[in-house]
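So that the names make sense, note that chain A is the first sequence line, chain B the second, and so on, each numbered from 1.
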Number of protein chains: 2
Amino acid sequence: MKPRAVEKKKACTIADIAREAGVSKSTVSRALNDNPLIGDGTKQKINAIAKKRHFQINMPARRLTLKQSNTIAFVTHSMYKQFSVCDLFTMEILGGITSGLKEQGYDLLMLFVDPCDADWPAQHLAAGRADGFILMTSTRKQAHIKMLVEMDAPFIAWGIPHPKYSYCTVIGDDLTGGKLAAGHLAGLGRKRIAFLGGPSEEKEVSLRFEGYSTALQEAGLIVDPLRVVHGDYSDKSGAEKMRSLLDRAPDLDAVFVNSDLMAIGAMQVLREIGKRVPEDVAVVGYDNLSITEKVTPTLTTVSQNIPLVGKLLAQNLLQYIRTRAVTHTTVPVELVVRQSA
Amino acid sequence: MKPRAVEKKKACTIADIAREAGVSKSTVSRALNDNPLIGDGTKQKINAIAKKRHFQINMPARRLTLKQSNTIAFVTHSMYKQFSVCDLFTMEILGGITSGLKEQGYDLLMLFVDPCDADWPAQHLAAGRADGFILMTSTRKQAHIKMLVEMDAPFIAWGIPHPKYSYCTVIGDDLTGGKLAAGHLAGLGRKRIAFLGGPSEEKEVSLRFEGYSTALQEAGLIVDPLRVVHGDYSDKSGAEKMRSLLDRAPDLDAVFVNSDLMAIGAMQVLREIGKRVPEDVAVVGYDNLSITEKVTPTLTTVSQNIPLVGKLLAQNLLQYIRTRAVTHTTVPVELVVRQSA
DNA sequence: GATTCCACTGCAACCGGTTGCAGTGCGACT
DNA sequence: AGTCGCACTGCAACCGGTTGCAGTGGAATC
């Protein structure tokens with residue numbers, strides 16, 4: 001434990017600058033914040049000194065007086081007991097969020113919460129660590145939302161809004177997504193198109209199913225309940241449900257899967273039992289994760305423009321914090337055609 | 001812009017608690033921090049009131065007086081111009097870091113820096129937003145390290161330490177990794193094992209190559225320079241370099257690839273030209289990203305135990321901040337055998 | 001020449017904690 | 001009884017900004 005190499009050149013404060021410029025702290029503070037009360041000459045002089053001295057404002061001090069942290073917490077949950085590995089979807093969205101926040105001078109805090117913990121909102125909001133939350137957690141999401149609404153905490157969530165609560169949301173256009181996917185498969189001449197959905201209780205899934213049904217009807221096809229199953233978005237569940245789908249409707253020639261991960265699991269099963277993709281069974285996924293370009297065959301999928309989602313989550317949350325305007329944004333989807341369909 | 005629904009029940013401060021308990025602010029502060037000066041009775045009374053009032057300490061205030069933020073910044077760079085998509089390796093490490101930090105009561109800040117920006121360390125350290133950095137950026141890493149060392153900023157970096165500077169590092173056991181991978185391939189009876197490395201100037205890559213050479217020699221095989229090429233870790237470069245490898249050594253029957261992403265690119269090329277994996281060419285990757293279980297064939301790879309890496313990065317950095325003890329940790333690697341080899 | 005106004009600037013309080021030092025009360029020891 | 005020490009507790013300053021309000025000087029107006 002050796003002593004500090006360079007005893008730190010004590011941080012330069014506005015008081016130091018004030019002394020050097022021969023003005024008061026208030027003037028320096030105002031000048032640095034470009035307050036119109038301050039004369040141009042003074043401003044320039046102060047800015048020059050600040051630059052020369054490499055002045056860095058002290059964030060905790062500013063946050064203390066301003067009573068806002070200029071920080072947003074990204075909340076998600078640990079995926080595994082011990083170490084948490086974030087899923088791909090969550091990860092890809094992060095880049096978009098930071099880009100949106102940075103433009104407005106906000107910091108991004110990572111927050112991995114225990115799904116059963118009810119204390120994290122207070123620990124961050126009341127404690128002044130964060131001004132708002134971006135909710136990506138799916139486990140027990142409703143419980144968390146209820147809690148946040150009740151304590152009047154600023155937050156925005158990914159997913160279809162709960163009818164009983166009022167809060168900001170960003171969602172994908174699931175109806176159109178389902179229609180695009182199934183329509184594309186029908187357009188390829190497929191006649192027995194299956195639906196491998198996410199959890200049946202999710203509104204998103206119903207909408208995708210509705211889009212799927214519409215597209216089939218428009219193509220003159222019927223929706224056969226035997227060709228409809230539901231999983232939980234994971235690749236494991238994709239494999240499992242694909243098997244039960246093949247049991248129930250062995251003659252299917254296409255499948256619209258509600259997540260890329262499930263689609264990958266499904267394709268593995270198809271390959272195992274000797275069906276070729278896309279020749280025997282065409283597959284369309286959902287999300288357009290970067291992994292879809294790296295699997296074989298590359299996966300045709302519905303793209304949600306995830307970076308845009310992230311950016312909107314950031315921007316709309318900040319807007320809500322400032323104006324309390326509740327927004328619901330639907331981001332457009334598009335079909336990305338690759339090899340699998 | 002409607003008025004606040006519930007006009008916020010103004011945050012409870014230690015002054016409020018002091019009033020209610022009939023003691024002074026100092027006593028409350030000490031009691032809450034479990035300072036031995038305070039009597040047990042008083043402590044209990046104060047803790048009870050704090051709980052009842054849902055007291056949350058004000059972080060900015062504490063950070064201001066303590067002059068430390070209890071926050072670590074995770075610094076990486078944007079991968080694309082406009083929106084940044086984090087690469088998988090970076091992302092998987094994040095979970096481990098947060099787990100390590102949380103145990104010690106630290107927050108994790110995400111920091112995406114422009115590789116050419118030289119101002120971010122000051123903007124965060126001097127400004128009191130973060131107490132230290134975890135460096136994962138690879139672009140212009142050396143420049144950033146130099147900068148941080150010169151300003152005596154606490155940080156830890158993933159990768160082999162620069163010989164001229166002294167700072168904390170965590171690295172994988174690349175020598176063993178290379179030996180394990182090549183040894184496994186040799187053990188399968190492969191005779192013409194190629195090496196598809198990362199950037200040739202990286203020390204990590206040299207070590208993996210050394211391990212590879214050692215393993216080949218131990219197996220009685222020769223290292224043929226024609227079977228050695230270098231890429232940049234991306235899947236695109238994996239595909240490209242695989243092609244040049246096949247040009248130069250069309251008879252290869254196995255390849256040790258320095259990253260999973262490159263391995264995936266390489267496998268696509270192999271498939272395109274009609275070579276089967278693993279029958280014709282066995283492939284071993286590096287990193288054990290979660291994606292390796294989802295590709296076909298699943299990828300045999302060298303696992304760096306990424307969650308552990310993250311945890312060590314966090315713990316060793318905090319230790320450095322507290323004691324200025326410079327640590328260099330090598331995390332063990334292991335071979336994960338799957339279908340591709 | 002006196003008054004008014006305006007454009008700036010400074011004073012001092014405040015945000016909510018932490019901490020050095022100076023009490024305070026009480027039992028113990030001489 | 002007097003003194004000392006010990007175990008607590010309180011006072012007040014401080015961290016580094018922001019801001020309401022009062023003050024200053026000079027030009028413009030009457």
Trainee: Answer with base, sugar-phosphate or nothing: what part of the nucleic acid does A:Lys67 contact at a heavy-atom distance below 4.0 Å?
Mentor: sugar-phosphate
Trainee: Reading DNA chain D from 5' onward, which residue's closest nucleotide shows up sooner: B:Gly39 or A:Arg62?
Mentor: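 It is B:Gly39, whose closest nucleotide lies nearer the 5' terminus.
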Trainee: Do the side chains of B:Lys43 and B:Asp34 get close enough for a salt bridge, i.e. N-O under 4.0 angstrom?
Mentor: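 Between B:Asp34 and B:Lys43 there is a salt bridge, with a charged N closer than 4.0 Å to a carboxylate O.
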Trainee: Below 4.0 angstrom, N of the basic side chain to O of the carboxylate: do A:Arg63 and A:Asp107 qualify?
Mentor: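 Judged by the 4.0 Å cut-off on N to carboxylate O distance, A:Arg63 and A:Asp107 do form a salt bridge.
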Trainee: Return whichever of A:Lys25 or A:Pro36 has its heavy-atom-nearest nucleotide of DNA chain C closer to the 5' end.
Mentor: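 By nearest-heavy-atom nucleotide position, the 5'-most residue is A:Pro36.
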Trainee: Hey, is NE2 on B:His328 packed in by over 12 heavy atoms from elsewhere, all under 6.0 Å?
Mentor: yes
Trainee: Before accepting this row, confirm whether a basic side-chain N of the pair B:Asp152/B:Arg324 lies closer than 4.0 Å to the acidic partner's carboxylate O.
Mentor: yes
Trainee: Base, sugar-phosphate, or nothing for A:Gly41, non-hydrogen atoms under 4.0 angstrom?
Mentor: nothing
Trainee: Heavy atoms only, 4.0 Å cut-off, all strands: where does A:Arg30 land among base, sugar-phosphate and nothing?
Mentor: base
Trainee: Using a 4.0 Å cut-off to any heavy atom of chain B, which nucleotides of DNA chain D are the first and last in contact, reading 5' to 3'?
Mentor: D:dC8 to D:dG16
Trainee: Which residue lies toward the 5' end of DNA chain D, B:Lys43 or A:Ser26, if each is placed at its nearest nucleotide?
Mentor: B:Lys43
Trainee: How about B:Phe133 and B:Leu148: do any of their side-chain heavy atoms sit closer than 4.5 Å?
Mentor: yes
Trainee: Run the salt bridge (charged side-chain N to carboxylate O under 4.0 Å, His left out) test on B:Glu20 and B:Lys52 for me, step by step, so that the C-alpha distance in whole Å, both residues' side-chain angles and the decisive distance to 0.1 Å come before the verdict.
Mentor: CA-CA 11 Å; B:Glu20 177 161 353; B:Lys52 188 176 57 165; 3.1 Å; yes
Trainee: Where each residue is assigned the nucleotide of DNA chain C containing its nearest heavy atom, which of B:Ala15 and A:Ile38 is assigned the position nearer the 5′ end?
Mentor: A:Ile38
